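Worksheet for the structure shown next.
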Amino acid sequence: MEFLKELGIQSHNAGAATGADWLPGKGTHIRSYSPVNGALIATVGSTGRDEYETVLRTAAAAFEQWRLVPAPQRGEVVRQIGEALRGKKDALGRLVSFEMGKSLQEGWGEVQEMIDICDFAVGLSRQLYGLTMHSERPQHRMYEQWHPLGITGIISAFNFPVAVWSWNAMLALVCGDVCVWKPSEKTPLSAIACQRIIAEVFTRNQVPEGACCVINGGREVGQWLAEDGRVPLVSATGSTAMGKAVGVTVAARLGRCLLELGGNNAIIISQHADLDMALIGSVFGAAGTAGQRCTTTRRLIIHEAVYDNFKERLVKAYGQLSIGDPLDERNHVGPLIDKAAVKMYEEAIAACKEQGGHFVVEGSVLAGAGYESGCYVRPCIAEVGADYPVVQTETFAPILYLIKYSRLEEAIAIQNNVPQGLSSAIMTTDLREAERFLSAAGSDCGIANVNIGTSGAEIGGAFGGEKETGGGRESGSDAWKAYMRRQTNTINYGTRLPLAQGIRFDI
Ligand code: NAD
């Protein structure tokens with residue numbers, strides 16, 4: 001496989017890096033199997049406790065220097081990372097696709113997202129603005145400025161093996177922070193490839209060793225980061241269960257958390273919807289990436305007047321989905337990440353049936369030629385009650401639930417009545433409906449779209465969600481503020497010392 005060679009992936013790879021320098025990874029080896037064909041791609045060391053200490057010490061030392069580099073110069077390094085990623089887009093996209101199982105188009109799309117965030121961060125490096133305020137005291141000036149925070153710990157999930165890291169790391173770098181990345185143990189090779197790409201840029205620019213580190217390993221390595229008082233910010237992407245554990249640990253030491261957790265996303269399909277558009281948005285949103293996006297469409301809330309018609313069209317469209325090797329561009333749906341995910345899919349289907357769900361497209365695990373990995377499943381659709389326990393939970397697989405509604409307020413209530421609050425959408429050509437959905441009495445999610453599905457966000461907006469999705473925001477808009485500390489400065493250039501609020505203190 002040429003792309004592995006191009007990215008410097010060997011049959012066995014060191015597990016941790018402080019930048020250009022690699023540490024073997026003294027813990028248990030991680031074996032990375034491709035869900036595409038079940039083949040062992042390569043092994044990776046996992047970070048030992050002493051290696052973790054080396055990484056943290058190197059990162060802390062790098063921060064002392066990096067925070068003093070002017071932000072636009074930090075941006076110039078990130079610009080070069082973007083260039084390096086452009087050069088490796090094909091190979092890295094292929095690795096992401098092969099290791100995670102998403103389509104090649106989406107693998108390349110993920111690398112494009114990395115390039116986009118680099119471009120965004122370069123501009124941001126000249127726009128880390130603070131406000132100035134008018135002081136209530138004469139001959140005083142008051143303003144705020146943003147300083148680098150320190151080490152940003154990044155814990156990432158398997159389903160976006162590289163993009164989510166770059167959302168965090170590129171912003172953190174221009175903000176003057178250094179990064180320690182704990183990638184998913186299910187996709188360690190994609191992380192190693194990224195580290196090799198940026199290390200070249202860092203060496204060329206004499207960026208201090210430790211500015212961007214990687215520590216491969218399982219959840220215990222993530223826990224070390226969460227517990228570590230030297231890490232002021234932990235940005236963690238993954239399941240709500242993980243977020244609850246990390247959130248509590250970081251809060252116990254009064255650290256900062258940026259949590260990007262599970263979703264349970266719905267599209268409301270109104271009687272005023274353009275049903276052709278609604279169909280594409282729904283099928284891509286529910287079956288794309290084999291249902292393994294945090295923004296995957298899990299629920300369709302359909303108006304009773306168009307319910308039967310739309311259900312029929314959905315069933316027909318699902319019949320046309322081709323499932324198979326995601327690197328073959330003719331296929332729409334690739335595999336789930338591993339057999340544990342397949343088991344969760346089967347369990348959710350069984351639970352749905354038990355709770356009264358009626359499947360209009362049956363799910364099954366595929367076997368035979370092309371499906372040897374045992375990770376390919378058929379996307380399925382069930383008619384359900386909105387309150388079924390299985391509908392309230394996120395199953396990371398292509399299971400789509402259909403719910404009928406008669407009034408918009410009812411549809412919005414159904415859409416909001418789940419523990420998660422990541423992404424939401426309405427399909428309608430009625431302006432009043434759209435605006436009600438977007439109003440304060442509308443969707444309670446971090447993302448609310450009109451005539452667009454729930455998945456496929458752009459980097460320019462702040463990304464994240466409410467409730468059990470964790471409340472974090474990363475990527476665009478002013479998400480950069482999470483990576484910096486705000487300092488309010490008041491300067492007295494007068495000859496007297498008046499106190500605020502007119503308080504007198506005569507001596
Ligand atoms: P996961 O929670 O199993 O693992 C995510 C990461 O957390 C991994 O690196 C894992 O090693 C680490 N981890 C797990 N438990 C930990 C603990 N107690 N302490 C520290 N680290 C720990 O999630 P996954 O299966 O890799 O990814 C799928 C989940 O991620 C889904 O729920 C999905 O919705 C969510 N996700 C959310 C977003 C978002 O932006 N909201 C984006 C991508 C994925």
Side-chain angles (χ1 to χ4, degrees), residues 27 30 35 44 46-47 52 99-102 106 110 113 153-168 180-188 190-191 214-228 231 234-252 255 257-265 289-298 336-338 340-341 343-345 393-397 418-423 445-447 454-457 459 461-476 479:
I30 304 170
V44 178
S46 74
T47 311
Y52 173 82
E99 191 177 35
M100 184 274 165
K102 61 175 63 179
E106 290 179 73
E110 210 180 316
E113 216 169 325
I154 303 167
I155 298 173
S156 61
F158 78 84
N159 66 326
F160 277 90
V162 292
V164 165
W165 163 73
S166 70
W167 286 3
N168 285 282
V180 177
W181 179 20
K182 208 301 279 175
S184 168
E185 57 274 43
K186 295 175 185 173
T187 51
S190 298
V214 64
I215 45 170
N216 272 298
R219 69 171 53 181
E220 69 287 353
V221 179
Q223 279 163 354
W224 297 341
L225 269 181
E227 288 160 4
D228 199 325
V231 182
V234 178
S235 173
T237 302
S239 57
T240 293
M242 178 279 288
K244 285 182 176 169
V246 169
V248 167
T249 306
V250 177
C257 246
L258 197 167
L259 297 176
E260 298 282 351
L261 312 174
N264 190 351
N265 319 294
T289 332
Q292 296 172 109
R293 286 188 185 220
C294 49
T295 52
T296 288
T297 307
R298 310 215 173 270
L336 292 179
I337 183 70
D338 54 21
K343 188 161 172 272
M344 285 195 278
Y345 160 88
T393 54
E394 177 198 49
T395 302
F396 224 50
V418 290
Q420 310 82 355
L422 181 53
S423 187
C445 291
I447 297 167
T454 56
S455 66
I459 60 103
F463 183 88
E466 303 300 332
K467 302 190 290 186
E468 288 197 358
T469 302
R473 292 294 185 280
E474 56 191 23
S475 188

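Whatever order the structure lists them in is the order used to number ligands and atoms, beginning at 1. What you see is a predicted model, and the numbers here were worked out from it, not measured in a lab.
- The side-chain heavy atoms of Ile215 and Leu225, taken from C-beta on, include a pair separated by under 4.5 Å.
- Nearest protein heavy-atom neighbour of atom 41 (N) of ligand 1: Leu261 O, 2.8 Å.
- When Phe463, Trp167, Phe396 are checked for heavy-atom proximity to atom 28 (C) of ligand 1, Phe396 turns out nearest.
- Looking from atom 27 (O) of ligand 1 to the surrounding protein, the closest heavy atom is Ala157 CB, 3.3 Å.
- Looking only at distances, no side-chain donor or acceptor of Asn264 sits under 3.5 Å from a matching main-chain atom of Gln420.
- Contact check for Leu422 versus Thr295: side-chain heavy atoms found under the 4.5 Å cut-off.
- For the atom pair Lys186 NZ and Glu99 CD, the distance stands at 12.0 Å (nearest 0.5 Å).
- The OG1 atom of Thr237 sits 7.5 Å away from atom CG of Leu261, with the distance rounded to the nearest 0.5 Å.
- At a 4.0 Å heavy-atom cut-off, ligand 1 does not touch Ala226 at all.
- Of the protein's non-hydrogen atoms, Gly238 O, 3.2 Å is the one closest to atom 35 (C) of ligand 1.
- Given atom 6 (C) of ligand 1, the protein heavy atom at minimum distance is Ser156 O, 3.3 Å.
- Residues Val418 and Glu394 have side chains not in contact (no heavy-atom distance under 4.5 Å, counting atoms from C-beta outward).
- For ligand 1, none of its N or O atoms has an N or O atom of Gly222 under 3.5 Å away.
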Return a table of donor-acceptor pairs under 3.5 angstrom between the side chains of residues 238-246 and protein atoms on other chains or two or more places apart.
residue	atom	partner	partner atom	Å
Ser239	OG	Met242	N	3.3
Thr240	OG1	Glu468	O	3.0
Lys244	NZ	Glu468	OE2	3.3

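- With contacts defined as side-chain heavy-atom distances shorter than 4.5 Å, the pair Ser455/Thr296 does not qualify.
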Inset, instruction - For the pair Asp228 and Val180, evaluate side-chain contact (heavy atoms from CB on, under 4.5 Å) and give the outcome as yes or no after the intermediate values. - result: CA-CA 12 Å; Asp228 199 325; Val180 177; over 6 Å; no

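- Residue Ala245 approaches ligand 1 through these ligand atoms, each under 4.0 Å from one of its heavy atoms: 18 (N).
- Summarising the geometry, atom CD1 belonging to Ile30 is positioned 7.5 Å from atom OG1 belonging to Thr47; distances are rounded to the nearest 0.5 Å.
- With distances taken over non-hydrogen atoms, the option nearest atom 17 (C) of ligand 1 out of Arg473, Glu468, Gln223, Lys244 is Gln223.
- Considering backbone and side-chain atoms alike, Ser239 places an N or O below 3.5 Å from some N or O of ligand 1.
- Regarding atom 36 (N) of ligand 1, its nearest protein heavy-atom neighbour is Cys294 CB, 3.6 Å.
- In this structure Phe158 satisfies the ring pair (Phe, Tyr, Trp, His ring centres under 6.0 Å) test together with Phe396, sequence neighbours excluded.
- A distance of 5.5 Å separates CH2 in Trp165 from CH2 in Trp181, rounded to the nearest 0.5 Å.
- Heavy-atom proximity to Glu185, at under 4.0 Å, picks out these atoms of ligand 1: 8 (C), 9 (O), 10 (C), 11 (O).
- If you number the atoms of ligand 1 from 1 as listed, the ones under 4.0 Å from a heavy atom of Lys182 come out as 8 (C), 9 (O), 10 (C), 11 (O).
- Ligand 1 has at least one atom lying under 4.0 Å from a heavy atom of Pro183.
- Separation of atoms OG (Ser46) and CD (Glu220) is listed at 6.5 Å; rounding is to 0.5 Å.
- The nearest heavy-atom contact from the protein to atom 13 (N) of ligand 1 is Met242 CG, 3.4 Å.
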Inset, instruction - Decide yes or no on side-chain contact (heavy atoms from CB on, under 4.5 Å) for Glu474 and Ser235, but give the supporting numbers first. - result: CA-CA 9 Å; Glu474 56 191 23; Ser235 173; 3.5 Å; yes

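- The protein non-hydrogen atom at the shortest distance from atom 24 (P) of ligand 1 is Phe158 CD2, 3.6 Å.
- At a heavy-atom cutoff of 4.0 Å, ligand 1 is contacted by both the backbone and the side chain of Thr237.
- Close approach to Asn159 involves these atoms of ligand 1, each under 4.0 Å from a residue heavy atom: 43 (C), 44 (C).
- Less than 4.0 angstrom separates some heavy atom of Ser184 from each of these atoms of ligand 1: 9 (O).
- Within 4.0 Å of atom 4 (O) of ligand 1, not a single protein heavy atom is present.
- Looking at ligand 1, you'll find an N or O of Glu394 within less than 3.5 Å of one of its N or O atoms.
- In terms of protein heavy-atom proximity, atom 12 (C) of ligand 1 is nearest to Ile155 CG2, 3.7 Å.
- Residue Val246 approaches ligand 1 through these ligand atoms, each under 4.0 Å from one of its heavy atoms: 19 (N), 20 (C).
- Ligand 1 has no nitrogen or oxygen under 3.5 angstrom from a nitrogen or oxygen of Gly217.
- By the 4.0 Å heavy-atom criterion, Val164 is excluded from the residues contacting ligand 1.
- Between the CD1 atom in Ile447 and the CD atom in Glu466 there is a gap of 10.5 Å [rounded to 0.5 Å].
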